[in-house]
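A short write-up of the structure that comes next.
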Amino acid sequence: MANNVLGTRKTAHDGRIYGLKIYCDLDYPKKVRGGRGSEKKRRKRHPDDRTSAASSRSPSDEKIQPPKVRFLTKINMNCVDSRNGNVIPSAFHVLGRWKMNYRIETVLVELRREMASSSNRKLAQPTEGSSYE
């Protein structure tokens, strides 16, 4: 899904339009990352079963898979990989702690908020209109 984000006012991003793509798999937003349970039917535990607590977690305990976000327009932000424009989930709180009730709108709004943060608002930006290959 292609989207545009307007740069936040009174920052280095002011007046810029950033193109980005958001990639969601077919099971979005319900697919869980790895592990047991999302595709396979769980077997019931017998009271005498001595399996570990980790293997008996419910699907709600597993981490929800966030969408992948990639800027098409070059941008300098702490949470964006400068080589390819990918938003780094561990550096962007919304993707790093994805919740089932988040939406694509949440990602876009929080990216704009991140542009205005003290760590990103004054960063020098690439030439306007340049893009990742």
Side-chain angles (χ1 to χ4, degrees):
M1 152 186 338
N3 292 280
N4 289 318
V5 175
L6 297 174
T8 51
R9 297 186 68 198
K10 298 181 182 179
T11 69
H13 308 282
D14 195 356
R16 292 182 177 227
I17 299 173
Y18 296 99
L20 56 93
K21 281 199 172 184
I22 299 176
Y23 303 91
C24 304
D25 64 21
L26 296 175
D27 294 330
Y28 174 81
K30 298 185 191 242
K31 185 175 181 181
V32 293
R33 179 180 295 156
R36 302 164 20 123
S38 59
E39 297 87 18
K40 297 178 184 175
K41 191 173 185 178
R42 292 184 180 270
R43 72 177 179 95
K44 290 186 179 181
R45 280 186 70 185
H46 188 274
D48 294 333
D49 191 358
R50 301 206 191 286
T51 58
S52 71
S55 66
S56 64
R57 285 187 228 143
S58 70
S60 62
D61 294 337
E62 297 182 44
K63 188 163 177 75
I64 305 296
Q65 179 70 40
K68 291 177 178 31
V69 181
R70 181 177 176 269
F71 276 88
L72 303 175
T73 308
K74 285 193 174 184
I75 188 168
N76 188 10
M77 284 177 63
N78 294 336
C79 62
V80 177
D81 186 330
S82 61
R83 297 168 295 167
N84 54 26
N86 289 331
V87 176
I88 305 164
S90 61
F92 183 52
H93 66 283
V94 171
L95 298 181
R97 292 185 291 248
W98 188 256
K99 297 179 183 175
M100 187 67 118
N101 62 338
Y102 286 173
R103 302 176 305 190
I104 300 303
E105 177 185 9
T106 308
V107 174
L108 298 173
V109 167
E110 292 301 316
L111 279 171
R112 287 197 77 227
R113 186 169 291 152
E114 190 66 26
M115 285 178 195
S117 73
S118 60
S119 60
N120 289 306
R121 69 182 299 114
K122 294 183 179 182
L123 291 178
Q125 294 303 306
T127 306
E128 193 165 352
S130 58
S131 58
Y132 295 101
E133 296 180 20

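- Note that the CD atom of Gln65 and the SG atom of Cys24 stand 10.0 Å from one another [nearest 0.5 Å].
- Here CG of Leu111 is found 10.0 Å from CG of Asn3. Values are rounded to the nearest 0.5 Å.
- Heavy atoms only, all atoms of each residue included: Arg112 and Val5 are closest at CG-CG1, 3.3 Å.
- At distances below 3.5 Å, not a single donor-acceptor pair connects side-chain atoms of Asn84 with backbone N or O atoms of Tyr132.
- Counting heavy atoms from C-beta on, the side chains of His93 and Glu110 come closer than 4.5 Å.
- With a 4.5 Å cut-off on side-chain heavy atoms, Val107 and Glu105 do not count as touching.
- For the side chain to side chain contact (heavy atoms under 4.5 Å, CB included) criterion with Leu20, the lone passing option out of Thr73, Leu108, Asn4, Val87 is Leu108.
- The side-chain hydrogen bond (donor to acceptor under 3.5 Å, both in side chains) check on Asn101 picks up nothing, with sequence neighbours excluded.
- For Ile17, the CD1 atom sits in a loose shell: 12 or fewer heavy atoms of surrounding residues, nucleotides or ligands are nearer than 6.0 Å.
- Residues Tyr23 and Ile88 do not share a hydrophobic cluster, clusters being chains of Ile/Leu/Val/Met/Phe/Trp/Tyr side chains in contact below 4.5 Å.
- Put simply, the side chain of His13 reaches to within 4.5 Å of the side chain of Met77, judged on heavy atoms.
- Linking Ile, Leu, Val, Met, Phe, Trp and Tyr residues whenever their side-chain heavy atoms come within less than 4.5 Å places Met1 and Val94 in a single cluster.
- In this structure, Val69 and Leu95 have side chains that are in contact, with non-hydrogen atoms separated by less than 4.5 Å.
- Taking 4.5 Å as the limit, some side-chain heavy atom of Gln125 sits within range of a side-chain heavy atom of Ile75.
- Across every non-hydrogen atom of Pro67 and Ile104, the tightest pair is CG-CD1, 4.3 Å.
- Judged purely by atom type and a 3.5 angstrom limit, Arg70 has no side-chain atom pairing as donor or acceptor with the backbone of Asn86.
- Residue Thr106 holds its OG1 atom at 10.0 Å from CZ of Arg113, rounded to the nearest 0.5 Å.
- A salt bridge (charged side-chain N to carboxylate O under 4.0 Å, His left out) check over residues 74-90, counting only residues at least two apart or in different chains, returns the pairs Asp81-Arg83.
- There is no side-chain donor-acceptor pair under 3.5 Å between Asp14 and Thr11.
- Counting heavy atoms from C-beta outward, Leu72 and Tyr18 have side chains that stay 4.5 Å or more apart.
- Counting all heavy atoms, side chain and backbone alike, Met115 lies closest to Leu6 at SD-O, 4.2 Å.
- Scanning all heavy atoms of the two residues, the minimum distance from Glu114 to Cys79 falls at CG-SG, 4.0 Å.
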